[in-house]
Protein chains: 2
Amino acid sequence: MSAPTPRHTPETRSRILDAAEELFVEHGFEATSMRMITSQAGVNLAAINYHFGSKDALIQEVFRRRLTELNRQRLAMLDKLEADAGGAPLKPSRIVEAFFGTALVLAADTEHGGHTFMRLLGRTYTEPNAFVRQFLAEEYAEVLERFLGALYRSLPDVPREEILWRFHFMMGAMSYAIAGTDALQLFAGKFDDADPARLLPRLMSFLLGGLRAPLAEYAARPAGRRGRSAAA
Amino acid sequence: MSAPTPRHTPETRSRILDAAEELFVEHGFEATSMRMITSQAGVNLAAINYHFGSKDALIQEVFRRRLTELNRQRLAMLDKLEADAGGAPLKPSRIVEAFFGTALVLAADTEHGGHTFMRLLGRTYTEPNAFVRQFLAEEYAEVLERFLGALYRSLPDVPREEILWRFHFMMGAMSYAIAGTDALQLFAGKFDDADPARLLPRLMSFLLGGLRAPLAEYAARPAGRRGRSAAA
DNA sequence: GTCTATAAATCGATAGAC
DNA sequence: GTCTATCGATTTATAGAC
């Protein structure tokens with residue numbers, strides 16, 4: 001008696017979300033019409049507005065459904081790491097693994113839409129849609145605050161500005177990692193080994209190498225003569 | 001007498017391309033209507049179809065206009081590096097700099113649309129639009145072949161598979177680097193220093209760190225007990 | 001080459017019967 | 001909660017005058 005609305009809507013709602021998720025990642029938000037969604041989901045056109053109110057609200061729910069759980073897992077893992085460490089700063093590798101590893105585990109799930117969703121999420125970070133960006137920013141506020149804080153404590157000698165940028169770079173690498181081979185025919189036929197199980201160690205190695213890279217490595221060895229060499 | 005079509009179209013064409021470039025990166029392809037473009041460009045609606053034939057052809061020309069020149073610069077720089085090396089393998093840092101450095105130089109040009117275009121390009125690698133992907137793949141075929149080949153020779157001990165993936169990761173990091181602070185309000189207010197001049201060394205340091213990261217770094221130190229430890 | 005006017009299709013959203 | 005039918009707005013693209 002505590003649930004007022006959902007009477008016998010066991011599948012319709014989920015089917016709409018699943019169909020929308022697939023079509024959004026395949027065609028984008030704007031290019032995906034509500035008719036395409038209801039057609040693929042096998043439900044009536046009016047069902048979307050009945051269950052979600054509008055197309056924008058549907059888009060939001062597509063993200064909320066999975067993102068809330070993903071970030072819950074991330075925070076739980078960080079909680080455990082910090083509890084085990086007992087006050088000591090965490091190793092950067094653990095922090096990175098807790099944040100990006102959970103995402104890749106979800107991305108490896110090709111049977112329940114996790115892979116589809118993560119591709120959608122990765123692309124949406126740089127999506128031009130204003131209200132989606134706003135929504136994601138709110139959904140990520142806490143988890144970002146926590147993980148960045150952990151990285152700051154873990155790497156006290158690295159300027160926070162630098163950590164922030166490198167975290168940003170890492171998200172870009174992860175996004176492309178998940179988009180993977182089917183993202184662009186650019187690498188078509190070049191990947192002999194696209195085994196999802198190997199993606200995690202591949203990416204993690206790259207991310208940690210980038211995160212730990214010497215700060216002045218590039219600036220200290222400028223390419224050839226390049227103007228005033230006395231600067232900085 | 002060699003130019004049949006362009007009689008006195010000195011600005012209209014360019015104005016359309018400039019307006020389209022800005023609107024595409026701001027709203028995406030689908031959400032940008034031809035009326036929005038012609039309105040911002042100050043030209044007539046029919047002008048787009050007259051000059052480009054269709055919206056899709058316009059999109060293609062927006063990319064072709066700048067991408068051809070960018071990849072020409074990349075190849076020229078690689079040619080010079082290889083000529084100077086006289087047969088010896090290049091240093092990975094030089095190769096990475098030739099590919100990603102040129103892109104970031106273009107991205108630093110905020111006055112002539114270079115920054116706008118590079119943001120658009122970075123987002124489009126994972127764009128769902130099929131014909132844009134196809135077009136980009138063709139446009140990148142030669143430059144990718146050359147740079148990947150140079151990296152293979154530069155890092156003969158690293159499996160090509162691994163180099164391929166890391167190059168892919170680097171493109172993701174670059175994409176986010178260019179999308180930068182205004183891409184997502186996720187980091188809003190967190191970046192104190194978003195100086196474009198510092199972005200190149202920042203990114204280059206990260207990329208080289210990732211490219212040179214030990215291959216088995218992560219796999220060799222699995223997190224806790226994780227099933228059959230005898231495998232691999 | 002540039003314009004107006006409009007064709008033809010598709011969009012999101014809703015009203016109202018069941 | 002699901003359906004049909006449709007409204008009103010917007011889209012790309014084009015025809016034809018100038």
Side-chain angles (χ1 to χ4, degrees), chain A residues 1-63 65 127-132 135, chain B residues 1-24 26-63 127-132 135:
Chain A
M1 62 179 78
S2 60
T5 30
R7 191 89 95 93
H8 42 98
T9 329
E11 296 212 7
T12 300
R13 216 184 127 90
S14 305
R15 286 224 305 276
I16 292 175
L17 289 171
D18 291 341
E21 196 171 65
E22 285 183 24
L23 289 168
F24 285 158
V25 74
E26 191 175 350
H27 303 106
F29 298 127
E30 292 286 339
T32 302
S33 70
M34 298 177 70
R35 284 170 176 82
M36 290 165 66
I37 297 171
T38 53
S39 172
Q40 172 155 331
V43 302
N44 189 270
L45 171 63
I48 287 187
N49 284 298
Y50 177 81
H51 284 280
F52 302 97
S54 70
K55 184 182 181 180
D56 281 0
L58 168 62
I59 294 175
Q60 217 158 314
E61 182 59 20
V62 165
F63 284 98
R65 173 173 69 148
E127 256 267 340
N129 194 314
F131 94 93
V132 176
F135 170 73
Chain B
M1 62 179 80
S2 60
T5 31
R7 191 87 97 93
H8 43 98
T9 328
E11 295 213 6
T12 300
R13 218 184 125 89
S14 304
R15 286 224 307 275
I16 291 175
L17 288 171
D18 290 341
E21 195 172 65
E22 284 183 24
L23 289 168
F24 285 158
E26 191 174 350
H27 303 105
F29 299 127
E30 291 286 338
T32 301
S33 70
M34 298 178 69
R35 281 171 176 80
M36 290 165 66
I37 297 171
T38 53
S39 172
Q40 172 155 329
V43 303
N44 189 271
L45 172 62
I48 288 186
N49 284 299
Y50 177 81
H51 284 280
F52 301 96
S54 69
K55 184 182 180 180
D56 281 0
L58 169 63
I59 295 175
Q60 216 158 313
E61 182 59 19
V62 165
F63 284 98
E127 255 268 340
N129 194 315
F131 93 94
V132 176
F135 169 73

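Chain identifiers are assigned alphabetically (A, B, ...) following the order of the sequence lines, protein sequences preceding nucleic acid strands; residue numbering begins at 1 within each chain.
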(request) In whole angstrom, give the distance that lies between atom CZ of Phe52(A) and atom C1' of dT14(C). (result) 18 Å
(request) Look up atom CG in Asn129(B) and atom CZ in Phe135(B), then write down how far apart they are to the nearest 0.5 Å. (result) 12.0 Å
(request) Provide, to the nearest angstrom, the distance between the CD atom belonging to Glu11(A) and the C1' atom belonging to dG1(D). (result) 14 Å
(message) Taking the side chain as everything from C-beta on, heavy atoms only, tell me whether Val43(A) gets closer than 4.5 Å to Ile37(A).
(response) no
(request) For DNA chain D, just give me the dot-bracket, please: Watson-Crick or G-U, both distances below 3.5 Å, ( ) intra-strand, [ ] crossing earlier pairs, | paired with another strand, . unpaired. (result) ||||||||||||||||||
(message) I need the minimum non-hydrogen distance between Gln40(A) and Ala19(A), along with the two atoms involved.
(response) CG-CB, 4.0 Å
(message) Can you measure Ile59(A) atom CD1 to dC11(C) atom C1' for me and round it to whole angstrom units?
(response) 14 Å
(request) Take the protein atom CD of Glu30(A) and the nucleotide atom P of dG12(C), then report the distance between them rounded to whole Å. (result) 9 Å
(message) How long is the straight-line distance from CD1 of Ile48(B) back to OG1 of Thr12(B), given to the nearest 0.5 Å?
(response) 11.5 Å
(message) In this structure, how many angstroms lie between the C1' atom of dT2(D) and the CD1 atom of Ile48(A), rounded?
(response) 14 Å
(request) Please determine if a side-chain N or O atom of Asn44(B) lies less than 4.0 Å away from the OP1 or OP2 oxygen of dG1(C). (result) no
(message) I want to check one thing: is the phosphate of dT2(D), taken as OP1 and OP2, less than 4.0 Å away from some side-chain N or O of Thr12(A)?
(response) yes
(request) Of all the heavy-atom pairs spanning Glu26(B) and Pro128(A), show the shortest one and how long it is. (result) O-CB, 2.9 Å
(message) How many whole angstroms separate atom NE2 of His27(A) from atom C1' of dC11(C)?
(response) 16 Å
(request) Using a 4.0 Å heavy-atom cut-off, write out nucleotides 13-18 of chain D from 5' to 3' as B (base contacted by protein), S (sugar-phosphate only) or - (no contact). (result) BB----
(message) Are Met36(B) and Leu23(B) packed together at the side-chain level, in the sense that at least one heavy-atom pair is separated by less than 4.5 angstrom?
(response) yes
(message) What is the distance, to the nearest angstrom, from the NE2 atom on His51(A) to the P atom on dG12(C)?
(response) 18 Å
(request) Please name the pair of heavy atoms, one in Lys55(B) and one in Glu30(B), separated by the smallest distance, quoted to 0.1 Å. (result) NZ-O, 3.9 Å
(request) Answer with base, sugar-phosphate or nothing: what part of the nucleic acid does Thr38(B) contact at a heavy-atom distance below 4.0 Å? (result) nothing
(request) Please tell me which of Gly42(B) and Ser33(A) maps to the more 5' nucleotide of DNA chain C, matching each residue to the nucleotide holding its nearest heavy atom. (result) Gly42(B)
(request) Decide, yes or no, whether a salt bridge links Asp18(A) with Arg65(A) under the criterion of side-chain N to carboxylate O below 4.0 Å. (result) yes
(request) State the CG-CZ distance between Asp56(B) and Phe29(B), to the nearest 0.5 angstrom. (result) 10.0 Å
